[in-house]
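Below is one structure, written out as C-alpha cells; comments come after it.
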Amino acid sequence: MAEPRHVRRLPPDPEAAAQISAWRGAADTTIDLSRFDASGADLTGADLSMGLFCEARLVDAVLVGAHLCRAHLEEAVLDGADLSRACLVKSVLDRASLRGSVLSGAHLGSAELYGVDAREASFRGARLNGASVLDPRLEGADLTGVTVARTSFRVLLGEDTVVEGLSGTLFGPARVAGRGVLDGPDLEEWLNGRGASVVVDPLLP
C-alpha cells in the first residue's frame, strides 16, 4: 500500500512539481493544486482528501485508488485521467472535464457532478449512490455495472451510452440525444431496454 503522500511521478510542469513536493514534505498541509498544470502526475493511492484542485489541469494524471473525499475539483480538466478505484465521496466536480477518463470502481457517493463533461468516460462498476449528477454530458460513456441509490440523474445520454447493468433508483428527467426529454416510465423503459435495472422516480427527493 502506498504511503499517504507517496508520489510516483511528478508532473513535467515545474511549478506544479514544486507544489506537490512541498505538500509531500509537510505532513499537516492540504494539497492545493488550484490552477496548476499537474498533467501526467502519478499520485496512485495518495491521500488527497479535502484537496483543492479548482481549475487544475490533470490531463492523463494517474490517481488510481487515490483518496479524494471532499476534494474540490470545480472546473478541473481530468481528460484521460485514471481514477480507477478512487474515493471521491462528497467531492465537488462541478463543470469539470472528464472526457475519456477512467473511473472504474470509483466511489462517488454524495458527490456533486453539475455540468461535468464525461463523454467517452468509463464508470464501470462505480458507485454513485446519493450523487447529484446534474446536466453532465455522458454521450459515449460506459456506465456498465454502475450502482445508484436515490441519485439525481438529470443527464444528457446518447444512443452510444452504455447502461448495461446500471442498477438502483434514480431521479430524472434525462435528455437522450435525438429523442428529447425522458422521465418516469419512459426513461425507465429506455434504460432497462438497454440492459439496465433501475427504478426511475420522476419526482425529486
Side-chain angles (χ1 to χ4, degrees), residues 7-20 23 31-46 48-49 51-108 111-128 131-146 153-163 166 174-175 177:
V7 178
R8 294 192 178 189
R9 182 177 64 242
L10 289 168
D13 182 82
E15 293 183 349
Q19 190 76 353
I20 293 173
W23 162 79
I31 192 167
D32 185 354
L33 287 175
S34 298
R35 301 184 181 85
F36 283 94
D37 186 354
S39 298
D42 187 342
L43 298 169
T44 294
L48 308 170
S49 301
L52 302 175
F53 303 90
C54 302
E55 299 181 43
R57 287 186 60 81
L58 291 155
V59 176
D60 296 327
V62 182
L63 297 159
V64 175
H67 296 271
L68 287 149
C69 303
R70 298 181 183 273
H72 283 269
L73 296 116
E74 294 96 321
E75 299 185 49
V77 180
L78 292 134
D79 298 346
D82 190 346
L83 291 126
S84 300
R85 304 185 305 282
C87 181
L88 291 142
V89 172
K90 295 185 178 180
S91 61
V92 183
L93 294 110
D94 294 346
R95 299 175 302 283
S97 182
L98 292 161
R99 294 198 65 174
S101 60
V102 179
L103 294 103
S104 300
H107 191 349
L108 291 135
E112 297 179 23
L113 295 103
Y114 173 77
V116 167
D117 186 349
R119 284 175 285 178
E120 294 88 37
S122 174
F123 291 85
R124 294 176 69 92
R127 289 172 285 173
L128 286 161
S132 295
V133 191
L134 303 175
D135 297 330
R137 299 193 64 172
L138 291 170
E139 302 102 304
D142 187 350
L143 306 179
T144 300
V146 167
F153 200 70
R154 194 178 71 206
V155 301
L156 175 58
L157 304 166
E159 292 290 344
D160 55 352
T161 303
V162 181
V163 297
L166 173 68
R175 286 188 297 136

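All residue numbers in this chain count up from 1 along the given sequence. Basis for what follows: all heavy atoms, side chains included, without hydrogens, waters or symmetry-related copies.
Between R124 and D142 a salt bridge is recorded (basic side-chain N to carboxylate O distance below 4.0 Å).
Annotation for L157 and A174: closest pair CD1-CB, 4.4 Å, computed over non-hydrogen atoms. Nearest heavy atom pair, residue A38 against residue L33, reads CB-CD1, 4.0 Å. The two residues A126 and L108 have their closest heavy-atom pair at CB-CD1, 4.4 Å. Between V64 and R85, the closest heavy-atom pair is CG1-NH2, 3.0 Å. Contact detail for L134 and P136: the closest heavy-atom pair is C-CD, 3.0 Å. Smallest separation of non-hydrogen atoms from F153 and L143: CZ-CD1, 4.0 Å.
Side-chain contact between Y114 and V133 is absent, with no heavy atoms from C-beta onward closer than 4.5 Å. In this structure, V155 and R175 have side chains that are not in contact, with every pair of non-hydrogen atoms separated by 4.5 Å or more. Side-chain contact between R99 and E120 is present, with at least one heavy-atom pair separated by less than 4.5 Å. Counting heavy atoms from C-beta on, the side chains of D135 and R154 come closer than 4.5 Å. Residues D79 and L58 form no side-chain contact, since every pair of their non-hydrogen atoms from C-beta on lies 4.5 Å or further apart. Counting only heavy atoms from C-beta outward, the side chains of L88 and L103 approach each other to under 4.5 Å. Looking at heavy atoms from C-beta onward, Q19 lies in side-chain contact with D32 at the 4.5 angstrom threshold.
Heavy-atom neighbours of R95 CZ from other residues, nucleotides or ligands within 6.0 Å: above the threshold of 12. Other residues, nucleotides and ligands contribute over 12 non-hydrogen atoms within 6.0 Å of the CZ atom of R119. In E159, the CD atom is crowded: over 12 heavy atoms of neighbouring residues, nucleotides or ligands sit closer than 6.0 Å.
Rounding to the nearest 0.5 Å gives a distance of 6.0 Å between CZ of F123 and CG of L98. Here the straight-line distance linking atom CG of D60 with atom OG of S39 works out to 7.0 Å at 0.5 Å rounding. With rounding to the nearest 0.5 angstrom, the CG atom of L63 is 10.5 Å from the OG atom of S101. If you take CG on L93 and CD on E75, they are separated by 12.0 Å, rounding to the nearest 0.5 Å. E74 CD to L52 CG: the interatomic distance, rounded to the nearest 0.5 Å, is 9.0 Å. Between the NE2 atom of H107 and the NE2 atom of H67 there is a distance of 11.5 Å, given to the nearest 0.5 Å.
Although no hydrogens or angles enter the test, the distance criterion places a donor-acceptor pair under 3.5 Å between the side chain of D160 and the main chain of G140.
S122 and S104 form a side-chain donor-acceptor contact under 3.5 Å, judged by distance and modelled atom types alone. Side-chain contact, D117 with S97: no donor N or O sits under 3.5 Å from an acceptor N or O.
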Inset, instruction - Would you please test R57 and F36 for side-chain contact (heavy atoms from CB on, under 4.5 Å) and show each step? - result: CA-CA 6 Å; R57 287 186 60 81; F36 283 94; over 6 Å; no
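In this structure, the side-chain contact (heavy atoms from CB on, under 4.5 Å) partners of A71, at least two apart in sequence or on a different chain, are F53, L68, L73.
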